[in-house]
Amino acid sequence: MSMDMKYFEEMEAKIPHGKVRTRFAPSPTGYMHVGNLRTALYTWLIARANNGTFILRIEDTDQGRYVDGAVDVIYRTMAQCGLTHDEGPDVGGPVAPYIQSERRDTYGKYARLLVEKGGAYYCFCEKTESEEDSGDFNRAADPCRDLSAEEVQEKLSAGMPYVIRQKIPTEGTTTFHDAIFGDITVENSTLDDQVLLKRDGLPTYNFANVIDDHLMGITHVVRGSEYLSSAPKYNLLYESFGWEVPTYVHCSPVMRDSQNKMSKRHGDPSYEDLIAQGYLTEAVLNYVALLGWSPKGEQAEQEIFSLDELVKAFDMTGISKSPAIFDRVKLDHFNAVYLRNLPADAFHKVAEPYIRQSVKGDFDTAAIAALLQARCERLTDIPEKVDFFDALPAYDVECFTNKKSKTNSEVSLAMLQAAVPALEALSDWTVDGIHDTLIDLAAKLEVKNATLMWPVRIAAAGKLVTPGGAVEICHILGKGETIRRLKAGMTMLGA
């Protein structure tokens, strides 16, 4: 009995046409890993670079992997990254719903339509759920593939459980075109009769993707190159339905090293991990954009791109076939550039929570931030760099010895003995006041500036490496605390 085509005609009538339409379709598994973020970014860039439409779709058909709150993570990440969507579960659109579990009846109807068109068949064999999902199935041995319509109806009427499998041609080849990898041809005999609709009525990932991409008018499908092997089966589904095949854009994986893909299971960071580790969203996005893509023409040597600049520069032909290695050192470099390029007040805003992790006292955090901005690669570096403001750390007397500054314990003691009364006499406790006092003192003592500044800084901070020099540190500490610390340094040196 043939199906009523009115439903399918109505669905076809809803499909938008005439412009580029892309989609990011994450599964709600709890986090956004770097590869997913790159897919989202490239998909968004293709839409924006072509004045197209960007769609957010939630693929939650694999209920075993669903994590509560994960959809909120997706929304939050996309919003923080500025990857705004034009259609999606929260904003609606002409081809709603945009959550796969809410489209369950749609997949069943299209699976049955495909059976009628000869591209799929009912399978009543006893198979485990894992076998259904994995596609491990010997097509030639399946007695259901060639059941007559009467036999199928008899089993359906008897209420026998079933899956619907794709009916792959037994002979010939299938060729698909990818924007990155070109034409790829496979022997149909190497393809399995994958499950399209599971016993629970939910579609498999591959089938739901094809149905949704067609019904949502998707023109460009961006996904990882691990799906290249599935692409021929996608093509056969499109052909069986008589639908136009979208442009495939397969991206090579992001690797931890030359041998291993990045994986959350192995401790590799998600987007949220990177933000928690002190990276700016803008730096992460910029770096992720260059993980497998490079600009061309006048911008071929450019590394730093704002999101708007990426839209103008992005071209799919710049996507590489080769895997990209996630390099922390490179990301640190990008983050440092972004931190240094922030306006001073913006840097203070992002740095202050980290400063306050170790600086609880009544200090000028804006002044501390000013010391840090040119010397910080990650925001999480900050607490350890500035903890000396609250409490002078224990340090070794050897810190006062510095060959370049021509100091040792004896010289440092003499410098501090001269610096303390000079600073005590200073009424104008400003950066300029402290600077001029110490510079004048060095001239009076007939020593290089560094010979005086080194022991003052060591006594004030108790650290060999500090953000900022002696003048800035003394200014932030305040007159009373500075004098107290310098006197403590004199005591350490044997005064």
Side-chain angles (χ1 to χ4, degrees), residues 15-26 32 34-57 74-75 77-88 91 93-95 98 176-182 209 212-214 216-225 227-228 231 244-254 271 280-324 334 337-338:
I15 300 173
H17 296 284
K19 63 190 302 188
V20 167
R21 289 173 61 84
T22 68
R23 52 77 172 169
F24 176 53
M32 182 86 73
V34 170
N36 264 0
L37 179 59
R38 186 185 65 170
T39 299
L41 177 59
Y42 287 0
T43 306
W44 184 88
L45 287 170
I46 291 170
R48 294 292 176 256
N50 292 280
N51 295 313
T53 299
F54 178 62
I55 298 165
L56 176 64
R57 186 172 76 214
I74 294 168
Y75 286 139
T77 301
M78 299 292 281
Q80 288 176 356
C81 293
L83 304 182
T84 52
H85 51 280
D86 306 299
E87 300 173 24
V91 297
V95 289
Y98 294 90
F176 69 94
H177 179 78
D178 180 80
I180 311 305
F181 290 87
N209 262 266
D212 287 344
D213 286 346
H214 173 71
M216 293 182 180
I218 302 303
T219 60
H220 294 72
V221 175
V222 183
R223 58 178 174 238
S225 58
Y227 294 107
L228 275 170
E244 184 178 352
V245 178
T247 298
Y248 295 120
V249 185
H250 286 88
C251 303
S252 293
V254 179
Y271 163 78
L280 294 178
T281 293
E282 296 81 0
V284 172
L285 272 180
N286 191 157
Y287 179 63
V288 166
L290 298 175
L291 282 175
W293 171 81
S294 55
K296 295 185 175 182
E298 295 179 358
Q299 295 163 310
E301 301 302 317
Q302 185 174 334
E303 281 193 329
I304 303 302
F305 290 89
S306 68
L307 205 51
D308 287 342
E309 288 172 330
L310 281 173
V311 171
K312 293 182 178 70
F314 193 79
D315 184 332
M316 286 189 300
T317 60
I319 297 175
S320 172
K321 296 179 183 179
S322 302
F334 273 79
V337 170
Y338 272 86

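In this text, all values refer to a predicted model and were calculated from it rather than measured experimentally.
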**Student:** So M78 and W44, side-chain contact (heavy atoms from CB on, under 4.5 Å) or not? Walk me through it.
**Tutor:** CA-CA 10 Å; M78 299 292 281; W44 184 88; 5.9 Å; no

**Student:** In sequence, state the C-alpha distance, the side-chain angles, and the governing distance for L290 and F334, and then conclude on side-chain contact (heavy atoms from CB on, under 4.5 Å).
**Tutor:** CA-CA 11 Å; L290 298 175; F334 273 79; 3.6 Å; yes

**Student:** Excluding sequence neighbours, so at least two apart, what forms ring pair (Phe, Tyr, Trp, His ring centres under 6.0 Å) with Y227?
**Tutor:** Y205

**Student:** Do F24 and L41 have side chains that approach each other closer than 4.5 Å (heavy atoms only, starting at C-beta)?
**Tutor:** no

**Student:** Under 3.5 Å, is there a donor-acceptor pair between the side chain of T43 and the main chain of V222?
**Tutor:** no

**Student:** Search all heavy atoms of P16 against all heavy atoms of P94 and return the closest pair with its distance.
**Tutor:** CG-CG, 4.0 Å

**Student:** Could you tell me which residues satisfy ring pair (Phe, Tyr, Trp, His ring centres under 6.0 Å) with H214, sequence neighbours excluded, listed by chain and number?
**Tutor:** W243

**Student:** Which value, rounded to the nearest 0.5 Å, describes the distance between C251 atom SG and M316 atom CE?
**Tutor:** 10.0 Å

**Student:** So which heavy atom on S252 is nearest to which on S320, and how close?
**Tutor:** OG-O, 4.0 Å

**Student:** With a 4.5 Å cut-off on side-chain heavy atoms, are F305 and L285 touching?
**Tutor:** no

**Student:** Between K296 and D315, does at least one N-O distance fall below 4.0 Å, as a salt bridge requires?
**Tutor:** no

**Student:** What pairs of donor and acceptor atoms, side-chain ones from residues 45-52 against any protein atom, are under 3.5 angstrom apart with sequence neighbours left out?
**Tutor:**
from : atom 1 : to  : atom 2 : distance (Å)
R48  : NH1    : D86 : OD2    : 3.0
R48  : NH2    : T84 : O      : 2.9
R48  : NH2    : D86 : OD1    : 3.3
R48  : NH2    : D86 : OD2    : 3.2
N50  : ND2    : I46 : O      : 2.7

**Student:** Give the minimum heavy-atom separation between T219 and K19, together with the two atoms involved.
**Tutor:** CG2-O, 3.6 Å

**Student:** Sequence neighbours left out, what passes side-chain hydrogen bond (donor to acceptor under 3.5 Å, both in side chains) with Y287? Give chain and number order.
**Tutor:** none

**Student:** Do C81 and L307 have side chains that approach each other closer than 4.5 Å (heavy atoms only, starting at C-beta)?
**Tutor:** no

**Student:** If you measure from CD on E301 to OG on S294, what distance do you get to the nearest 0.5 Å?
**Tutor:** 10.0 Å

**Student:** Any side-chain heavy atom of F176 sitting closer than 4.5 Å to one from L228?
**Tutor:** yes

**Student:** Can you check whether M216's main-chain N or O pairs, donor with acceptor, with R21's side chain at less than 3.5 Å?
**Tutor:** yes

**Student:** With sequence neighbours excluded, what pairs up with F314 under the ring pair (Phe, Tyr, Trp, His ring centres under 6.0 Å) test?
**Tutor:** Y42, W293

**Student:** Quick one: pull up OH in Y248 and OG in S225 and give me the separation to the nearest 0.5 Å.
**Tutor:** 15.0 Å

**Student:** Roughly how far apart are N36 CG and T77 OG1, rounded to 0.5 Å?
**Tutor:** 10.0 Å

**Student:** Is any side-chain heavy atom of N209 closer than 4.5 Å to a side-chain heavy atom of R57?
**Tutor:** yes

**Student:** Taking the side chain from R38 and the backbone from L291, do they hold a donor-acceptor pair closer than 3.5 Å?
**Tutor:** yes

**Student:** Give a yes or no on whether a salt bridge exists between D178 and K321, defined as a side-chain N under 4.0 angstrom from a carboxylate O.
**Tutor:** no

**Student:** I need the minimum non-hydrogen distance between I15 and G217, along with the two atoms involved.
**Tutor:** CG2-CA, 3.6 Å

**Student:** To the closest 0.5 Å, what do you measure between CG (L280) and CD (Q80)?
**Tutor:** 12.0 Å

**Student:** Taking salt bridge (Lys or Arg N to Asp or Glu O under 4.0 Å) as the test, write out the residues that go with E309, two or more places apart.
**Tutor:** none

**Student:** Check the pair V95, D212 against side-chain contact (heavy atoms from CB on, under 4.5 Å), reporting the backbone distance first and the verdict last.
**Tutor:** CA-CA 9 Å; V95 289; D212 287 344; over 6 Å; no

**Student:** Would you name the heavy atoms of F181 and H250 that are closest together and state the gap between them?
**Tutor:** CE1-O, 3.4 Å

**Student:** Evaluate the side-chain contact (heavy atoms from CB on, under 4.5 Å) criterion for residues Y271 and T281: first the C-alpha distance (whole Å), next the side-chain angles of each, then the deciding distance (0.1 Å), finally the verdict.
**Tutor:** CA-CA 9 Å; Y271 163 78; T281 293; 2.7 Å; yes

**Student:** What's the shortest heavy-atom distance between F54 and L83, and which atoms?
**Tutor:** CE2-O, 4.0 Å

